[in-house]
Amino acid sequence: MLRLGPIMTTIPFNLQQVRDRIRAACEAAGRAPAEVQLLAVSKTFGPQAVQAAWAAGQFAFGENYIQEAVLKISAFSALTNANRSAVQWHCIGPIQSNKTRLVAEHFDWVHSVDRLKTAQRLSEQRPASLAPLQVCIQLNVDGGANKSGVVAPAAAALAQQVAALPGLCLRGLMSIPEPAPDFASAVAVFARVRAVFDALRAGGLKLDTLSMGMSADLEAAIHAGSTQVRVGNAIFGAR
Ligand SMILES: *Cc1c(COP(=O)(O)O)cnc(C)c1O
């Protein structure tokens with residue numbers, strides 16, 4: 001079931017609040033606001049909610065559940081008549097093997113690649129008529145063995161292999177650290193992701209995207225160098 005979401009007029013207001021937070025966090029960190037892209041995470045909200053954000057100038061949307069997203073992408077297109085290239089759809093959720101084809105055919109970006117097998121399938125299944133799928137490797141920076149993401153010591157080997165796949169364009173890293181008790185410890189964890197990112201770049205990979213920070217911790221992520229924050233609740237309301 002897709003939720004209708006809050007009263008649609010609150011979405012433009014919330015969006016502006018989030019943009020203001022991003023701007024303030026960039027200023028506090030001595031960074032230019034243009035360095036940080038906002039990804040609006042619309043999972044569980046319907047196409048009207050996406051339309052409301054889009055009408056308010058938001059063009060990049062993140063989705064976790066593949067089948068829900070595929071339906072939403074076509075419903076959004078029908079609703080708005082928007083050119084497909086005027087909207088970016090980012091897959092940010094776990095990808096089972098039997099969903100790779102849907103992801104390869106419908107999304108512009110994937111943030112949740114954490115093993116070679118998934119990357120190979122996405123590359124093979126990416127239609128030749130589309131631009132390469134833009135990819136971030138998900139890094140498990142703090143979790144146990146059953147948490148999604150590649151662990152830091154294995155990140156460089158995976159990144160080199162993914163970068164060589166023809167249907168993909170490796171752009172960077174994504175991470176979802178556990179909530180931290182305070183700002184300083186949140187920054188410290190995000191800085192570990194940043195350090196892995198910097199090491200990959202020093203190793204010769206041309207990466208420009210560090211996808212980290214959500215509604216609750218985007219300031220800390222921006223402080224540590226995030227270039228893309230993924231924000232759901234603060235834009236669309238509670239899920
Ligand atoms: C849901 C989700 C978000 C957004 O989280 P909020 O707390 O709603 O901002 C960001 N990234 C991922 C991977 C998510 O699953």
Side-chain angles (χ1 to χ4, degrees), residues 1-6 10-22 24-25 36-46 49-50 52-53 56 58-70 72-73 88-96 99 102-103 107-115 118 122 133-143 146-150 171-181 183 186 189-190 193-194 197 209-239:
M1 266 300 273
L2 295 178
R3 300 195 192 177
L4 190 57
T10 65
I11 291 175
F13 176 80
N14 292 345
L15 251 181
Q16 194 50 51
Q17 302 265 86
V18 170
R19 289 179 186 136
D20 291 345
R21 283 176 63 188
I22 293 171
V36 181
Q37 191 192 354
L38 172 59
L39 189 60
V41 177
S42 42
K43 65 182 178 207
T44 77
F45 291 95
V50 177
Q58 179 63 28
F59 76 99
F61 296 92
E63 290 283 339
N64 286 57
Y65 312 109
I66 314 301
Q67 275 151 327
E68 173 194 319
V70 169
K72 200 179 302 181
I73 291 168
Q88 266 182 13
W89 293 95
H90 295 231
C91 173
I92 62 174
I95 308 166
Q96 294 161 295
K99 299 285 178 358
L102 283 176
V103 173
F107 283 86
D108 304 293
W109 281 69
V110 182
H111 294 227
S112 41
V113 169
D114 64 359
R115 53 169 122 169
T118 305
L122 290 170
L133 193 55
Q134 308 297 300
V135 169
C136 290
I137 288 175
Q138 184 173 349
L139 185 71
N140 175 358
V141 73
D142 59 5
N146 52 9
K147 190 175 166 178
S148 297
V150 65
R171 299 292 294 270
L173 295 178
M174 182 274 262
S175 195
I176 317 171
E178 296 299 316
F183 185 79
V189 178
F190 285 127
V193 184
R194 165 74 183 271
F197 179 73
T209 302
L210 197 45
S211 167
M212 55 188 196
M214 316 199 294
S215 294
D217 57 11
L218 68 88
E219 284 84 2
I222 288 172
H223 195 85
S226 172
T227 70
Q228 207 168 83
V229 291
R230 309 177 309 273
V231 179
N233 288 319
I235 296 171
F236 294 106
R239 289 184 297 273

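Just follow the structure's listing: the first ligand is 1, and inside any ligand the first atom is 1. Remember, predicted model here, so these are calculated numbers, not experimental data.
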**Message:** Students should find this: residues with any non-hydrogen atom under 4.0 Å from ligand 1. What is the answer?
**Reply:** Val41, Lys43, Asn64, Ile92, Ile176, Met214, Ser215, Arg230, Val231, Gly232, Asn233, Arg239
**Contacts of type side chain to side chain donor-acceptor pair (under 3.5 Å), residue Gln17, not counting sequence neighbours** = none
**Asked** Would you say Asp217's side chain and Ala180's backbone share a donor-acceptor pair under 3.5 angstrom?
**Response** no
**Message:** Going by the rule side chain to side chain donor-acceptor pair (under 3.5 Å), which residues pair with His223 if we only count those two or more places apart in sequence or in a different chain?
**Reply:** none
**Item:** Flag, side chain of Ser226 to backbone of Met212, donor-acceptor distance under 3.5 Å
**Value:** yes
**Item:** side chain to side chain donor-acceptor pair (under 3.5 Å) partners for Arg194, two or more places apart
**Value:** Asp198
**Message:** Between Glu63 and Ser42, is there a side-chain donor-acceptor contact under 3.5 Å, judged purely by atom types and distance?
**Reply:** yes
